[in-house]
Amino acid sequence: MDNTFLSPYFQQPLALGADIVIHSGTKYLGGHNDVLAGFTVVKDRELSEKLKLIYKTTGACLSPMDSFLTLRGIKTLALRMERHQENALELALWLRNHSRVSEVYYIGLPDRPDKTVIDSQCSGYGGMLSFRVDSPATAERLLKEVKLIRFAESLGGVESLLTYPYRQTHAEVPEELRRRLGVDDTLLRLSVGIENIRDLTEDLEQAFQAAAGQGKGNADEMVPCAAG
Ligand SMILES: *Cc1c(COP(=O)(O)O)cnc(C)c1O
């Protein structure tokens, strides 16, 4: 079970019956877009010993600096997750009322159809959401026009990052499957950071307005930032 998006703060899969849990420490655990790390957490002691042996003999371990950054990040995990979630819910509701947005996907929305299942598994909803805009041109212009929010692929850090799954995270997925999964060229993913919520809504609003004013964008000009 990959528990990266909710982090151990909001969901503990071992307690729900999972045998092996993985986390990208690069995301919420580190939390500042400045470290690459990963974790495998297992229930069974024997399996844990086997993994420890592989870890020790292959030597693919975290460096002291990366360990330090990850441990320091974890000290504020609780505070950050609460704020990510608070901002994400406000933004989800704000986006839902926006005339250029046709759909908002956030597990913390009170009227989610799968809310009963969600609430039986986790104690919170985290900061990841996605939304669908009225056209591919709007999606492309938004990516260019956001100023505080950055167009980049990672997630889980204190800064808000906007991603275009169709061209980035899911670019390698066959077109037919992408369409079936709803990952089309109008879908944007937002990793909501811990900024002031008004700064986030103002940034999105100015980007929507700029997108409306400047006509069709050219996807070839889109240059994502390096994360961090
Ligand atoms: C980023 C990510 C990974 C991979 O983690 P890295 O730290 O980039 O190696 C795995 N699962 C999820 C859900 C992720 O977001």
Side-chain angles (χ1 to χ4, degrees), residues 1-43 47 51-52 54-55 58-77 80-81 83-85 87-88 91-92 105-108 112 114 117-118 121-131 143 149-173 177-178 181-183 187-194 224-228:
M1 153 97 203
D2 187 327
N3 199 35
T4 297
F5 275 30
L6 285 175
S7 89
Y9 183 70
F10 282 139
Q11 182 168 260
Q12 289 108 37
L14 292 187
L16 294 168
D19 297 304
I20 303 175
V21 183
I22 59 169
H23 291 275
S24 169
T26 309
K27 315 292 171 53
Y28 288 107
L29 295 178
H32 296 76
N33 291 322
D34 56 6
V35 63
L36 290 174
F39 297 89
T40 307
V41 188
V42 301
K43 205 175 217 166
L47 183 55
L51 287 172
K52 219 182 276 178
I54 296 172
Y55 179 79
T58 64
C61 317
L62 279 188
S63 71
M65 186 64 188
D66 288 341
S67 304
F68 163 74
L69 287 172
T70 307
L71 286 169
R72 194 168 67 169
I74 290 172
K75 290 181 188 185
T76 54
L77 180 68
R80 286 185 285 108
M81 292 313 291
R83 178 62 173 253
H84 284 299
Q85 161 163 281
N87 278 355
L91 261 192
Y105 306 96
Y106 176 56
I107 65 161
R112 284 280 305 201
D114 40 7
V117 176
I118 292 167
Q121 294 182 353
C122 56
S123 58
Y125 313 111
M128 296 300 299
L129 62 84
S130 54
F131 57 102
L143 292 167
I149 298 169
R150 305 184 75 191
F151 170 29
E153 196 160 316
S154 196
L155 65 101
V158 291
E159 302 100 354
S160 294
L161 300 181
L162 191 58
T163 306
Y164 199 18
Y166 186 73
R167 288 189 195 277
Q168 293 181 295
T169 51
H170 293 63
E172 309 297 315
V173 179
L177 181 58
R178 273 192 301 192
L181 295 173
V183 182
L187 185 76
L188 292 169
R189 185 188 80 179
L190 186 57
S191 170
V192 183
I194 64 165
C225 306

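Note that ligands are numbered from 1 as they come in the structure, with each ligand's atoms numbered from 1 the same way.
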Enquirer: For Q12, check side chain to side chain donor-acceptor pair (under 3.5 Å) against everything at least two apart and list the hits.
Expert: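 Not a single residue meets the side chain to side chain donor-acceptor pair (under 3.5 Å) criterion with Q12.
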Enquirer: With sequence neighbours excluded, tell me which residues meet side chain to side chain donor-acceptor pair (under 3.5 Å) with S7.
Expert: none
Enquirer: Kindly indicate whether a cation-pi arrangement holds for R80 with Y28, taking the cut-offs as under 6.0 Å to the six-membered ring centre and within 45° of the axis.
Expert: no
Enquirer: Residues in side chain to side chain contact (heavy atoms under 4.5 Å, CB included) with A171, at least two apart?
Expert: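 Residues passing side chain to side chain contact (heavy atoms under 4.5 Å, CB included) with A171: none at all.
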Enquirer: Per the side-chain contact (heavy atoms from CB on, under 4.5 Å) rule, which among L162, L155, L129 passes with R189?
Expert: L155
Enquirer: What residues come within 4.0 Å of ligand 1, counting heavy atoms only?
Expert: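 Within the 4.0 Å shell of ligand 1, which is judged on heavy atoms, sit D2, T4, F5, S24, T26, K27, A37, L155.
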Enquirer: What pair of heavy atoms forms the shortest contact from V21 to P13, and how long is it?
Expert: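 Taking every non-hydrogen atom into account, CG2-CB, 3.7 Å.
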